[in-house]
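Below is one structure, written out as structure tokens, with a few remarks after it.
We're numbering straight along the sequence, starting at 1.
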Amino acid sequence: MTDKYAINKKSVKSISRVEKGLTPEETDQLLVKEIEHATAENSDVWTCPDSNRREYCHSFFQYPAMMVPAVQKKLIDIVSSVVKGTKNMIDPMMGSATTLVASMENGLNCYGQDINPLAVLISKVRTGPFLVEGAKQQAMHLMKRIESDKNDKIEKEFKGINKWFKPVTQQELSKIVRGIREEENLNVRRFFWVVLAETVRVSSNDRTSTFKLHIRPEDEIDRRVFSAIDVFALHLDKTLEDYEAHTVLLANSGQLVQESYRAEVHIRIEDSKASIYCPTKEPFYDLLVTSPPYGDNKTTVTYGQYSYLPLQWIDLNDIDAKATEDFLRTTLEIDSRSLGGKLTEIDSEKVDELCKQSPSFLRTRKAIEKVNDSLVKKVDAFLLDLNQTIANIFEVMKPNSYQIWTVGNRRVGGIEIPNAAIITELIEKNRESWCQQWNGK
């Protein structure tokens, strides 16, 4: 899959940048020029094969399909430098907050949301406050509590626990849970929960070679000999190092005041196909930076399944008030709440309208029908939800704001879904509708 990078600008005649010395059209031209210059200067700028991901806390948890942060930062740098006054950014499908941490070096107010509680937890830790020294000190106390814990009580109970975890692993993970619960500072506690999440991921009987939950062969499970506490301790040390490195990076760029980011950061559990958080009644955001999934989670990247086991061991109330046990009713619950997750709610009239909005979708849909018409429903459901999300996005974006979308194509029934083309067409149609609505006010 090849990532496509595009800046899509909404244009209405009510606001211009004449007072900044540039018209909107001139600003667009300058942006294109800067992007072309960056491409000519370094042919790898949009792939960054040698990028150091550590400086962006990427190693905290191996979240699926993470973007290369240096790519997002380069685009954000260009927009921030050319479009003076860029202040508020939003990522309504933020995952583990790669776009937010990439925006922080420019001092932007960062807003992000995701339907996955684990994504929200990781994002909150990656965006501060950056309590490095406190976390180091409390980490030593935490390990002492864990190592001195002689209690063999299993702290968590859920369907399949004996399938996914050996008894000794359950006991060791429970000691870690009890130790974390004794930490008084919520932000430090969240940091420890993220370390535990990665520990759970590699300590379970799940095959880590795929994003879907698949049990390892029984003989392989029997052969695996390790201590979950040792795994936790090793990852804790590494995460503290990366945490400090990222904190130094932000401090050197002048973006920290004591231990906190100097601008605003707001992260929420939210269903973006239902609504995009906006702190005001009027359009609020200057910049959108996001990367939608390539298709419905169940048949592409199963973020929910991947997060299911780690979330079972974390105290959900430490993540967010909206993080409830309902998210863990089944291994498929989170994915079913994501884009295209519900196939039973497809409106044929809306599908027809979508085909009118996107000729690329219409052509692709017809091609899939010829191969296997039963697969069409999955594509319909995903793109209907994505289109609704795009419509919601336009409701909260300021006139003359900018959007950066990182997208990739996928295949269904052997047919490539041209997501880049489809999303561009849907954005254009939503932009036209939004402009008509705005100019009519």
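Within the 4.5 Å cutoff, the side chain of Leu316 has heavy atoms near those of the Ile319 side chain. Inter-residue side-chain proximity for Phe192 and Val188 is flagged as met; some heavy-atom pair is nearer than 4.5 Å. Side-chain contact between Ile90 and Met397: present, with at least one pair of heavy atoms (C-beta onward) separated by less than 4.5 Å. Residues Leu354 and Leu426 form a side-chain contact, since some pair of their non-hydrogen atoms from C-beta on lies under 4.5 Å apart. In this structure the side chain of Leu375 never reaches within 4.5 angstrom of the side chain of Ile415, judged on heavy atoms. Trp164 places a side-chain heavy atom less than 4.5 Å from the side chain of Asp206. The side-chain heavy atoms of Tyr277 and Val396, taken from C-beta on, include no pair separated by under 4.5 Å. Under the 4.5 Å side-chain criterion, counting only non-hydrogen atoms from C-beta, Leu328 is not in contact with Phe158.
Between the side chain of Ser272 and the main chain of Met93, no donor-acceptor pair closer than 3.5 Å is present. Here the side chain of Asn42 pairs a donor or acceptor atom with the backbone of Asp44 at under 3.5 angstrom. Ser358 contributes no side-chain N or O that, together with a main-chain N or O of Ile423, makes up a donor-acceptor pair within less than 3.5 Å. Panel note: side chain Asn109, backbone Ala263; no donor-acceptor pair is recorded below 3.5 Å. A side-chain donor-acceptor contact under 3.5 Å links Thr23 to the backbone of Glu26. Judged purely by atom type and a 3.5 angstrom limit, Gln113 uses its side chain to pair as donor or acceptor with the backbone of Ser275. With hydrogens and angles ignored, the 3.5 Å screen pairs no side-chain donor or acceptor of Arg201 with any backbone N or O of Thr208. A distance-only check finds a donor-acceptor pair linking the side chain of Asn205 to the backbone of Lys163 [under 3.5 Å]. Looking only at distances, no side-chain donor or acceptor of Ser360 sits under 3.5 Å from a matching main-chain atom of Ala421. Between the side chain of Arg337 and the backbone N or O of Asp271 there is no donor-acceptor pair closer than 3.5 Å.
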Can you check side-chain hydrogen bond (donor to acceptor under 3.5 Å, both in side chains) on Asp28 and Tyr402, steps first, answer last?
CA-CA 10 Å; Asp28 292 347; Tyr402 288 82; 2.8 Å; yes
Could you walk me through whether Phe226 and Val202 satisfy the side chain to side chain contact (heavy atoms under 4.5 Å, CB included) test, starting with their C-alpha distance in whole Å, then the side-chain angles of each, then the deciding distance to 0.1 Å, before giving a yes or no? CA-CA 10 Å; Phe226 62 91; Val202 300; over 6 Å; no
* With salt bridge (Lys or Arg N to Asp or Glu O under 4.0 Å) as the test, would you mind laying out the steps for Glu172 and Lys175 before giving the verdict? => CA-CA 5 Å; Glu172 292 189 327; Lys175 293 178 190 293; over 6 Å; no
Are Ile161 and Ile154 close enough, and set up right, to give a side chain to side chain contact (heavy atoms under 4.5 Å, CB included), and what steps lead you there?
CA-CA 10 Å; Ile161 188 172; Ile154 307 303; 4.1 Å; yes
Apply side chain to side chain contact (heavy atoms under 4.5 Å, CB included) to the pair Leu100 and Asp91, showing each step before the final yes or no. CA-CA 7 Å; Leu100 274 69; Asp91 186 346; 3.8 Å; yes
Handout entry: Step-by-step side chain to side chain contact (heavy atoms under 4.5 Å, CB included) determination, Thr424 to Val407
Key = CA-CA 10 Å; Thr424 298; Val407 305; over 6 Å; no
> Going through the distances and angles, do Arg224 and Glu220 end up as a salt bridge (Lys or Arg N to Asp or Glu O under 4.0 Å)?
Replying inline: CA-CA 6 Å; Arg224 294 184 79 212; Glu220 183 181 339; 5.4 Å; no
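For the atom pair CG of Leu309 and OG of Ser204, the computed distance is 5.5 Å after rounding to the nearest 0.5 Å. Considering CD1 of Ile404 and OG1 of Thr290, their distance stands at 10.5 Å, rounded to 0.5 Å. Put simply, CG on Asp114 and CD1 on Ile267 are 10.5 Å apart, with the number rounded to the nearest 0.5 Å. Atom OG1 in Thr300 sits 10.0 Å away from atom CZ in Phe211 (nearest 0.5 Å). Summarising the geometry, atom CD1 belonging to Ile269 is positioned 4.0 Å from atom CG belonging to Asp320; distances are rounded to the nearest 0.5 Å. In this structure, CH2 on Trp193 lies 16.0 Å from CD on Glu198, to the nearest 0.5 angstrom.
Note on Arg431 versus Glu428: salt bridge recorded, some NZ/NE/NH1/NH2 to OD/OE distance being below 4.0 Å. Between Glu369 and Lys366, no side-chain nitrogen of the basic residue sits less than 4.0 Å from a carboxylate oxygen of the acidic one, so the salt-bridge criterion is not met. Salt-bridge formation is not detected for the pair Lys429/Glu425: no Lys NZ or Arg NE/NH1/NH2 atom is positioned less than 4.0 Å from an Asp or Glu carboxylate oxygen. A salt bridge links Arg410 with Asp296: the distance from a Lys NZ or Arg NE/NH1/NH2 to an Asp or Glu carboxylate oxygen falls below 4.0 Å. The residues Asp352 and Lys356 are annotated as not salt-bridged, no charged nitrogen and carboxylate oxygen being separated by less than 4.0 angstrom. One finds no salt bridge joining Lys342 and Asp385 here, because no Lys/Arg side-chain nitrogen approaches an Asp/Glu carboxylate oxygen to under 4.0 Å. Using a 4.0 Å cut-off between a side-chain N of Lys or Arg and a carboxylate O of Asp or Glu, Asp286 and Lys87 do not qualify as a salt bridge. Between Asp315 and Arg189 there is no salt bridge, since none of the side-chain N atoms of the basic residue sits less than 4.0 Å from a carboxylate O of the acidic one.
Pairing each heavy atom of Thr169 with each of Ala228, the nearest pair is CG2-CB, 4.2 Å. In this structure, Lys398 and Ser401 approach most closely via the heavy-atom pair O-OG, 2.6 Å. Nearest approach of Leu240 to Ala135, heavy atoms of both residues: CD2-CB, 3.9 Å. The two residues Ser338 and Lys273 have their closest heavy-atom pair at O-NZ, 3.7 Å. Residues Met104 and Cys110 come closest through the heavy atom pair CG-SG, 4.0 Å. The shortest heavy-atom contact between Leu118 and Pro310 is CD2-CB, 4.2 Å.
In the model, Gln357 has no side-chain atom that pairs as donor or acceptor with a side-chain atom of Asn430 under 3.5 Å.
Taking the six-membered ring where the residue is Trp, Tyr111 and Tyr285 present perpendicular rings, their angle passing 60° and hence far from 30°.
The residue from Asp380, Leu386, Val379 that alone fulfils the side chain to side chain contact (heavy atoms under 4.5 Å, CB included) condition with Phe382 is Leu386.
Remark: aromatic rings of Phe165 and Trp313 are close, center separation under 6.0 Å.
Evaluation of the ring pair (Phe, Tyr, Trp, His ring centres under 6.0 Å) test over residues 340-366, restricted to residues two or more places apart or in two chains, returns none.
Around the NZ atom of Lys298, the shell of radius 6.0 Å holds more than 12 heavy atoms that belong to other residues, nucleotides or ligands.
The ring-ring contact (aromatic ring centres under 6.0 Å, His included) test applied to Phe327 returns no partner, not counting sequence neighbours.
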